[in-house]
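Below is one structure, written out as structure tokens; the observations come after it.
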Amino acid sequence: YHRVHDIADQADGDGPGAELAPVAAWHFDDNTGTTTVDAVDGHDGNLNSVVWNAGGRHGSTVEFPAGGSSVSVPASADFDLTEQLSITVW
């Protein structure tokens with residue numbers, strides 16, 4: 001992308017076309033539990049050994065302590081990307 005897009009950009013048509021649309025987006029703001037919801041297409045992630053923190057800048061956050069914490073997402077044909085791939089984490 002030439003600028004940051006969010007899910008609202010996709011919904012209102014202001015974002016990139018379908019060929020550049022996100023495949024998945026996890027906000028990690030669920031604040032509880034062992035699942036993080038995919039805001040794009042139902043590719044929810046399973047959280048393992050994480051710590052929820054309600055004091056994030058924009059609501060809750062999740063911490064991944066050292067020693068085995070992770071997020072796993074079930075395999076999907078949507079992730080069989082053959083040309084371009086961008087991953088953004090902040």
Side-chain angles (χ1 to χ4, degrees):
Y1 299 145
H2 296 288
R3 66 178 181 89
V4 174
H5 293 278
D6 62 19
I7 301 308
D9 284 338
Q10 295 298 116
D12 68 13
D14 185 28
E19 71 279 1
L20 296 176
V23 174
W26 301 275
H27 297 279
F28 296 101
D29 60 357
D30 309 284
N31 199 32
T32 187
T34 58
T35 301
T36 187
V37 176
D38 172 23
V40 175
D41 198 20
H43 301 293
D44 297 347
N46 300 311
L47 300 169
N48 303 297
S49 302
V50 300
V51 176
W52 287 103
N53 180 348
R57 181 175 179 151
H58 299 287
S60 63
T61 62
V62 65
E63 297 175 29
F64 292 87
S69 59
S70 64
V71 60
S72 60
V73 178
S76 169
D78 291 341
F79 300 127
D80 293 340
L81 306 175
T82 58
E83 294 181 20
Q84 298 177 350
L85 170 68
S86 292
I87 298 175
T88 304
V89 180
W90 70 87

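Note that these values count all heavy atoms, side chains included, but never hydrogens, waters or copies made by symmetry.
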pair Val71-Thr36: side-chain heavy atoms closer than 4.5 Å: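 Side chain of Val71 against side chain of Thr36, heavy atoms only: contact under 4.5 Å found.
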Residue pair Val73, Phe79: steps toward the side chain to side chain contact (heavy atoms under 4.5 Å, CB included) verdict: CA-CA 10 Å; Val73 178; Phe79 300 127; 3.8 Å; yes
Considering all heavy atoms, the nearest Trp52-Phe28 contact: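 Nearest heavy atoms, Trp52 then Phe28: CZ3-O, 3.5 Å.
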By side chain to side chain donor-acceptor pair (under 3.5 Å) - contacts of Asn48 (at least two apart): Ser70
By side chain to side chain donor-acceptor pair (under 3.5 Å) - contacts of Asp78 (at least two apart):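 Partners of Asp78 under the side chain to side chain donor-acceptor pair (under 3.5 Å) test: His43.
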Shared hydrophobic cluster, Leu47 / Val51 (ILVMFWY, side-chain heavy atoms < 4.5 Å):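 Leu47 does not cluster with Val51.
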side-chain contact (heavy atoms from CB on, under 4.5 Å) involving Ser49 - partner list, sequence neighbours excluded: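 Counting only residues at least two positions away or on another chain, Ser49 forms a side-chain contact (heavy atoms from CB on, under 4.5 Å) with Ser69.
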For Asp44, all residues meeting side-chain contact (heavy atoms from CB on, under 4.5 Å), sequence neighbours excluded: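 Asp44 satisfies side-chain contact (heavy atoms from CB on, under 4.5 Å) with Thr35, Val37, Asp38 once adjacent residues are dropped.
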Contact list for residues 59-68, test side-chain hydrogen bond (donor to acceptor under 3.5 Å, both in side chains), sequence neighbours left out: Asn53-Glu63
